[in-house]
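Notes follow once the structure below has been shown.
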Amino acid sequence: MGANKEPHGGELKDLYLPAAEAEAEKVRAKDFVSWDLTPRQLCDLDLLLNGAFSPLEGFLGEADYNAVCADMRLVSGVLWPMPITLDVSAEFAASVAVGDTIALRDQEGVLVATLEVSDNWQPNKEREAEQVFGSTDDTHPAVNFLFNQAGSHYLGGKLRGVEAPTYYDFKGLRESPAEVRARMEKLGWRKVVAFQTRNPLHRAHQELTFRAAREVEANLLIHPVVGMTKPGDIDHFTRVRCYEHVLEQYPEQTTTLSLLNLAMRMGGPREALWHALIRKNYGCTHFIVGRDHAGPGNDRNGEPFYGPYDAQDLFRAHEEEMGISMVPFKMMVYVENRAEYMPADEVSEDDKVLNISGTEFRRRLRDGLDIPDWFSYPKVVAELRRAHPPKHKQGFTIFFTGLSGSGKSTIANALMVKLLEDGRRPVTLLDGDVVRKNLSSELTFSKEHRDLNIQRIGYVASEITKNHGIAICAPIAPYTHTRRQVRETIEPLGGFFEVHVATPIEVCEERDRKGLYAKARAGIIKGFTGIDDPYEAPEAAEIVIDTSELSPDLAAHRILITLEKHGYLK
Ligand code: PPS
């Protein structure tokens, strides 16, 4: 069937129960076992229930799952490239029998839907990763999710929708397929080209999307993903404010914006097909596919997971049966001498092409450098600058680690006072002893409890850093992997500086200010760091200080100089 002959897609599944039945289901569900949905499952469920994943009527059962993984088709033969499964723990799976109905609840415990369990099985995750994503390398975000986060068992079955998941942000822009179709119907839009994005839009995107729409004589739906995108992407709040600014740039009545609560998998070619089928459900007739569509970046060996045009090739091979047409994305470049954007393949040898790569753009943003008007819109740049202030306005964490008595607290205190004197950001000191009294009073010094203690400190420091403050942490933090976890949580939010207070144990023991080393030697305290519990010294701390050689004042001063050098103090 030609896409253009059938505007606004095919039959839409609406899995929500009528109001009275939904009320009855809520009462019935009180007796059901409940599963608390993860953020990704909530996104999937939202789009299953509202018909964005039509023709699916629930989470895939085992036979459909196998068929989708192997051949991109449901058992019925219908094209469906992405396995939409409900992953649960082995323990939960064991508590559910085929034929049971379970309650699916959001993180506040609100009942969203019930699932009549038709299948309960343990998938072969290696095979799934290989078949769906073409790799078992967990640098691929979806493979990482599958192997390291997803539950070990899957439950499949039909859904009965009770209440749409609640989102409080951008309510007016979050729309179901039926709502978008109705809007297009009302506007008289018969042909619509959809643009999928997880990034802020700049001038080149505006040019290419508008050209794509003009080429196929269609209207344009900017349809960004606000569910889950690639880790490290710009948050959707900032992006949506940017999209609203870019929308002003299109001629009136040509273009609209709607938000899609999709949890992306970054699955390249298969994902492109999936994206297009979703947009067909939203009533679109055309879909833009670019270079490296939904690409997950490079693998462990620095090689791309997919070829740059694999997605376009796979789409082309299935275009006829998809019922939505592909508009291949044209690379647009800015030609200075013509003062306009042009498709890269139409540029002549004499033309002077200007370019700012994604990496260069992020560098300029990070360092507060100029971003020219030809590249983006001033309002968009202002939004991005607000979300990504230059380093001297970002928060940071100074994470001291070292043996008891190494001098962490003394330097941390000196540093705190110097930063308070500077006065430009609020400062919080999370000293080992103080945290043990307040935040972690019930914890012991077992490995498990030490990890928990550091995770709590890391969590508080990450919140402070995110909100542009300074967190100074001074625990022993003896284990490498826990310190790494803290670093990984904080680095995306601001600065992270690990300070190894590497005072030799002999010096710490000689000082023995609290008399703890003597007690540890005498066996009165067990599991004391450096005596009968390990201290794993950091290998790549930003700063190493030995207080047997450096006074606390000079040590704090050295840290300040490092902060200045990295741009965090001005
Ligand atoms: S950890 O491992 O990071 O959770 O330790 P931390 O919370 O920083 O430890 C704080 C203080 O507890 C005292 N203390 C011990 N330290 C190490 N091992 C054992 N078994 C122990 N028992 C008590 C010690 O004085 C730590 O304070 P600092 O300021 O480091 O001397």
Side-chain angles (χ1 to χ4, degrees), residues 397-417 427-465 471-490 496-548 550-553 555-556 559:
T397 292
I398 308 286
F399 193 94
F400 288 91
T401 167
L403 295 168
S404 173
S406 58
K408 303 182 296 290
S409 305
T410 318
I411 309 171
N413 264 298
L415 180 67
M416 176 176 72
V417 171
V427 189
T428 305
L429 176 57
L430 299 161
D431 189 38
D433 274 337
V434 178
V435 168
R436 287 256 172 202
K437 263 197 211 95
N438 299 293
L439 203 57
S440 295
S441 55
E442 85 288 18
L443 298 186
T444 67
F445 285 87
S446 67
K447 177 167 188 321
E448 195 193 350
H449 278 190
R450 285 181 196 258
D451 281 349
L452 209 51
N453 184 37
I454 301 308
Q455 281 159 6
R456 287 179 188 175
I457 293 174
Y459 172 72
V460 176
S462 74
E463 286 294 309
I464 292 168
T465 305
I472 303 176
C473 314
I476 298 177
Y479 307 126
T480 308
H481 84 273
T482 334
R483 292 194 303 260
R484 190 184 309 133
Q485 271 178 1
V486 173
R487 180 188 284 276
E488 283 170 2
T489 318
I490 296 178
F496 185 84
F497 295 85
E498 192 172 39
V499 183
H500 179 200
V501 185
T503 311
I505 186 150
E506 302 74 40
V507 179
C508 301
E509 191 164 0
E510 203 181 293
R511 288 180 189 158
D512 204 11
R513 294 222 173 89
K514 300 178 186 165
L516 293 173
Y517 281 94
K519 284 190 183 153
R521 289 283 181 205
I524 302 168
I525 303 178
K526 296 260 184 293
F528 195 80
T529 307
I531 305 295
D532 54 349
D533 208 64
Y535 178 78
E536 300 165 5
E539 278 168 15
E542 277 74 10
I543 305 168
V544 181
I545 288 167
D546 179 348
T547 57
S548 56
L550 204 64
S551 73
D553 195 29
I559 298 169

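Start at 1 and go down the list; that is how both ligands and their atoms are numbered. When a residue number appears, it is its place in the shown sequence, counting from 1.
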Between Lys514 and Asp433, does the salt bridge (Lys or Arg N to Asp or Glu O under 4.0 Å) criterion hold? Intermediate values first, please. CA-CA 12 Å; Lys514 300 178 186 165; Asp433 274 337; 2.6 Å; yes
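For atom 18 (N) of ligand 1, the closest non-hydrogen atom of the protein is Arg450 NH2, 3.0 Å. The protein atom (non-hydrogen) at minimum distance from atom 19 (C) of ligand 1 is Phe528 CD1, 3.4 Å. Atom 11 (C) of ligand 1 has Asp433 OD1, 3.3 Å as its closest protein atom, hydrogens excluded (heavy atom only). Of all protein heavy atoms, the one lying nearest to atom 31 (O) of ligand 1 is Ser404 OG, 2.6 Å. For atom 3 (O) of ligand 1, the nearest protein heavy atom (residue, atom name, distance) is Ala477 N, 2.8 Å.
Heavy-atom distances between Thr529 and ligand 1 reach below 4.0 Å in at least one pair.
Residue pairs satisfying the side chain to side chain donor-acceptor pair (under 3.5 Å) criterion with at least one member in residues 406-416, sequence neighbours excluded, are listed as follows: Ser409-Asp431.
Across Leu403 and Thr503, no two heavy atoms sit closer than the pair CD1-O, 4.1 Å.
Atoms of ligand 1 lying under 4.0 Å from at least one heavy atom of Lys514, given by number and element, are 25 (O), 27 (O), 28 (P), 29 (O), 31 (O). Residue Leu516 approaches ligand 1 through these ligand atoms, each under 4.0 Å from one of its heavy atoms: 13 (C), 24 (C), 25 (O). Applying the 4.0 Å criterion to heavy atoms of Lys526 picks out, from ligand 1, the atoms 20 (N). The distance from ligand 1 to the heavy atoms of Gly405 drops below 4.0 Å at these ligand atoms: 31 (O). When each atom of ligand 1 is checked for a heavy atom of Gly527 under 4.0 Å away, the hits are 18 (N), 19 (C), 20 (N). Those atoms of ligand 1 that come under 4.0 Å of a heavy atom in Asn453, given as number and element, are 1 (S), 4 (O), 7 (O).
Using a 4.0 Å cut-off between heavy atoms, Pro478 contacts ligand 1 through its side chain alone, with no backbone atom that close. For Phe445, every heavy-atom contact with ligand 1 shorter than 4.0 Å involves the side chain, none the backbone. Residue contacts with ligand 1, taken as heavy atom pairs separated by less than 4.0 Å, involve Ile454 solely via side-chain atoms from C-beta onward. Residue Leu443 does not touch ligand 1, judged by heavy-atom distances below 4.0 Å.
Crowding of Glu442 atom CD: a count of heavy atoms from other residues, nucleotides or ligands under 6.0 Å exceeding 12.
Interatomic distance, Glu536 CD to Thr401 OG1, rounded to the nearest 0.5 Å: 10.0 Å. Taken to the nearest 0.5 Å, the CZ atom of Arg511 stands 9.5 Å off from the OH atom of Tyr517. Summarising the geometry, atom CD1 belonging to Ile490 is positioned 6.0 Å from atom SG belonging to Cys473; distances are rounded to the nearest 0.5 Å.
Taking only nitrogen or oxygen atoms, main chain and side chain alike, Pro475 does not reach within less than 3.5 Å of ligand 1. Note: no N/O pair closer than 3.5 Å links Leu403 and ligand 1 by distance alone. In terms of polar-atom proximity, defined here as any N/O pair under 3.5 Å, Ile476 does make such a contact with ligand 1.
Looking only at side-chain heavy atoms (C-beta outward), Ile559 and Phe400 come within less than 4.5 Å of each other. Within the 4.5 Å cutoff, no side-chain heavy atoms of Gln485 are placed close to those of Asp451. Thr489 places none of its side-chain heavy atoms less than 4.5 Å from the side chain of Tyr459.
Closest heavy-atom approach to atom 4 (O) of ligand 1 within the set Lys447, His449, Lys408, Arg436: this belongs to Arg436.
Annotation: side chain to side chain donor-acceptor pair (under 3.5 Å) contacts of Glu448 (sequence neighbours excluded): none.
Cation-pi geometry between Lys447 and Tyr479 is met: the NZ or CZ atom falls under 6.0 Å from the ring centre, inside 45° of the normal.
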